[in-house]
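When reading the values below, keep in mind they use all heavy atoms of this one structure, side chains included, and skip hydrogens, waters and symmetry mates. By convention here, the first residue in the shown sequence is residue 1.
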Amino acid sequence: MSKFNIDIYADGASVNGMVEAKDKWPVSGFTTNPSLMKKAGVKDYVNFAQDALKAVDGMPVSFEVFGDDFDTMEKEAVKISSLGKNVFVKIPITNTKGESSVPLIKKLSAQGIQVNVTAILTLDQVKAVLPVLKAGTHNIVSVFAGRVADTGVDPMPLMKAAVELTNQYDQAWLLWASCREVFNIFQAESIGVDIITVTNAVLNKLSMVGKGTKELSLETVQGFHSDVEALGFSIL
């Protein structure tokens with residue numbers, strides 16, 4: 001399996017999936033979010049977080065606040081942070097009203113809470129967050145490159161600019177979020193992004209890295225033929 005210089009964080013909300021990722025692939029951290037927790041059928045946040053922390057065995061893991069008002073977010077952040085030294089608290093860059101979370105992020109960082117600022121899609125948002133992160137702390141700035149690409153826009157110029165900005169702050173690591181395919185890992189690594197979040201479904205494709213395209217073409221045809229046989233009928 002290829003050795004990557006970029007840190008790969010497994011993205012998901014299944015404890016079993018976290019164990020699988022740690023055992024099978026070159027991951028060095030984990031991220032979760034409410035949408036993934038809903039999809040995974042999580043019923044109790046604290047129990048899930050505690051089980052996840054046991055599974056990741058000291059590796060960095062990010063848990064997101066649920067609140068939409070900043071007072072609630074702050075209380076949740078303090079509680080989440082208290083779960084472990086390897087915990088990063090995910091704070092969305094705005095609430096659902098579009099109000100900036102930067103003042104809260106500044107307050108949390110001043111307390112020494114490790115934050116993962118999430119749902120960032122613009123360079124202005126990156127510029128607003130970086131200066132409020134306390135020197136000497138560790139924090140993650142998550143730019144959703146995959147969602148930018150979903151709009152039909154190439155995210156590389158944004159990510160290159162974000163790399164230049166983040167490199168000026170020792171207390172911040174830049175994360176490429178919403179990875180859609182294995183090639184995104186190579187893209188992110190090539191421009192100096194620190195971390196990329198990858199789902200297990202994409203991680204499972206790492207076995208294809210380095211495979212010859214001629215060989216892959218044959219395997220593809222063989223796969224089609226296998227499915228034809230499984231269908232059990234013919235055109236003629």
Side-chain angles (χ1 to χ4, degrees), residues 7-97 99 101 104-105 107-120 129 133-134 137-144 146-147 173 175-179 194-204 206:
D7 284 339
I8 297 175
Y9 282 18
D11 193 28
S14 161
V15 174
N16 288 337
M18 292 176 174
V19 173
E20 178 188 27
K22 182 165 66 77
D23 291 345
K24 290 178 62 176
W25 299 299
V27 301
S28 52
F30 301 83
T31 56
T32 68
N33 66 50
S35 296
L36 291 171
M37 290 172 70
K38 178 183 176 183
K39 185 176 180 180
V42 173
K43 302 298 183 184
D44 185 301
Y45 196 126
V46 175
N47 284 343
F48 160 71
Q50 291 172 337
D51 289 344
L53 284 167
K54 292 176 184 177
V56 304
D57 195 26
M59 290 183 180
V61 59
S62 294
F63 299 115
E64 189 163 341
V65 296
F66 274 16
D68 193 47
D69 66 274
F70 297 124
D71 287 340
T72 301
M73 284 188 194
E74 181 178 0
K75 292 174 183 175
E76 291 175 341
V78 171
K79 184 173 183 177
I80 292 170
S81 177
S82 71
L83 295 174
K85 293 181 179 180
N86 56 323
V87 171
F88 286 75
V89 182
K90 293 182 79 171
I91 305 290
I93 188 62
T94 71
N95 62 11
T96 61
K97 299 176 182 177
E99 298 166 335
S101 301
L104 172 62
I105 293 163
K107 189 174 183 180
L108 294 174
S109 186
Q111 297 175 43
I113 291 175
Q114 300 178 138
V115 297
N116 177 341
V117 188
T118 190
I120 292 177
V129 165
L133 299 174
K134 182 181 178 181
T137 60
H138 296 106
N139 309 277
I140 298 171
V141 176
S142 295
V143 182
F144 281 51
R147 294 205 179 198
W173 296 320
L175 184 149
W176 176 306
S178 298
C179 170
D194 300 300
I195 307 166
I196 185 167
T197 50
V198 188
T199 62
N200 282 25
V202 175
L203 286 169
N204 201 43
L206 288 177

Atom pair [atom1] ([X]) and [atom2] ([Y]), whose distance is rounded to the nearest 0.5 Å:
{"X": "Asn116", "Y": "Thr32", "atom1": "CG", "atom2": "OG1", "answer": "9.5 Å"}
{"X": "Ile196", "Y": "Asp11", "atom1": "CD1", "atom2": "CG", "answer": "10.5 Å"}
{"X": "Ile8", "Y": "Phe30", "atom1": "CD1", "atom2": "CZ", "answer": "11.5 Å"}
{"X": "Tyr9", "Y": "Ser28", "atom1": "OH", "atom2": "OG", "answer": "5.5 Å"}
{"X": "Gln114", "Y": "Asn86", "atom1": "CD", "atom2": "CG", "answer": "8.0 Å"}
{"X": "Thr31", "Y": "Leu36", "atom1": "OG1", "atom2": "CG", "answer": "7.5 Å"}

Checklist line | Donor-acceptor contact below 3.5 Å, side chain Ser82 vs main chain Lys79 | finding: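 Here the side-chain-to-backbone pair exists.
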Notebook entry, point to check: Which residues satisfy the side-chain contact (heavy atoms from CB on, under 4.5 Å) test with Thr94, sequence neighbours excluded?
Noted result: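 For Thr94 there are no side-chain contact (heavy atoms from CB on, under 4.5 Å) partners, ignoring immediate neighbours.
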Item checked: Residues forming a side-chain contact (heavy atoms from CB on, under 4.5 Å) with Thr137, sequence neighbours excluded ->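 Residues passing side-chain contact (heavy atoms from CB on, under 4.5 Å) with Thr137: Ser109, Lys134, Asn139, Gln171.
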Which heavy atom of [X] sits nearest to which heavy atom of [Y], and what is that distance?
{"X": "Pro92", "Y": "Ser101", "result": "O-OG, 2.7 Å"}
{"X": "Ala10", "Y": "Leu203", "result": "CB-CD1, 4.2 Å"}
{"X": "Phe144", "Y": "Ala119", "result": "CE1-N, 3.0 Å"}
{"X": "Met73", "Y": "Gly67", "result": "CE-O, 3.3 Å"}
{"X": "Cys179", "Y": "Thr197", "result": "CB-O, 3.0 Å"}

Evaluate the side-chain proximity of [Y] to [X]: yes if any heavy-atom separation is below 4.5 Å, no if none is.
{"X": "Val65", "Y": "Ile91", "result": "yes"}
{"X": "Phe88", "Y": "Ile80", "result": "no"}
{"X": "Leu206", "Y": "Pro26", "result": "yes"}

Distance-only donor-acceptor hits, side chain of residues 12-22, under 3.5 Å, sequence neighbours excluded:
from: Ser14; atom 1: OG; to: Asn16; atom 2: N; distance (Å): 3.4
from: Ser14; atom 1: OG; to: Gly17; atom 2: N; distance (Å): 3.0
from: Glu20; atom 1: OE1; to: Asn200; atom 2: ND2; distance (Å): 3.1
from: Glu20; atom 1: OE2; to: Lys24; atom 2: NZ; distance (Å): 3.4

Notebook entry, point to check: Can you list the residues that meet the side-chain hydrogen bond (donor to acceptor under 3.5 Å, both in side chains) rule with Thr96, with sequence neighbours excluded?
Noted result: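 Checked Thr96 against side-chain hydrogen bond (donor to acceptor under 3.5 Å, both in side chains); matches are Asp68.
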Next item on the list: List for me each residue that meets side-chain hydrogen bond (donor to acceptor under 3.5 Å, both in side chains) alongside Asn95, sequence neighbours excluded, and say none if there are none.
Entry: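 Only Glu99 meet the side-chain hydrogen bond (donor to acceptor under 3.5 Å, both in side chains) criterion with Asn95.
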Note to self: Consider side-chain contact (heavy atoms from CB on, under 4.5 Å). Of Lys75, Glu76, Glu74, which one does Thr72 pass it with?
What the structure shows: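 Single side-chain contact (heavy atoms from CB on, under 4.5 Å) partner of Thr72 among Lys75, Glu76, Glu74: Glu76.
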Taking distance alone, no hydrogens or angles, what donor-acceptor pairs closer than 3.5 Å link side-chain atoms of residues 45-59 to residues at least two apart or in another chain?
from: Tyr45; atom 1: OH; to: Glu64; atom 2: N; distance (Å): 3.1
from: Tyr45; atom 1: OH; to: Glu64; atom 2: O; distance (Å): 2.5

Check: For Asp194 and Asp7, what are the C-alpha separation, side-chain angles and deciding distance, and is it a side chain to side chain contact (heavy atoms under 4.5 Å, CB included)?
Finding: CA-CA 6 Å; Asp194 300 300; Asp7 284 339; 6.0 Å; no
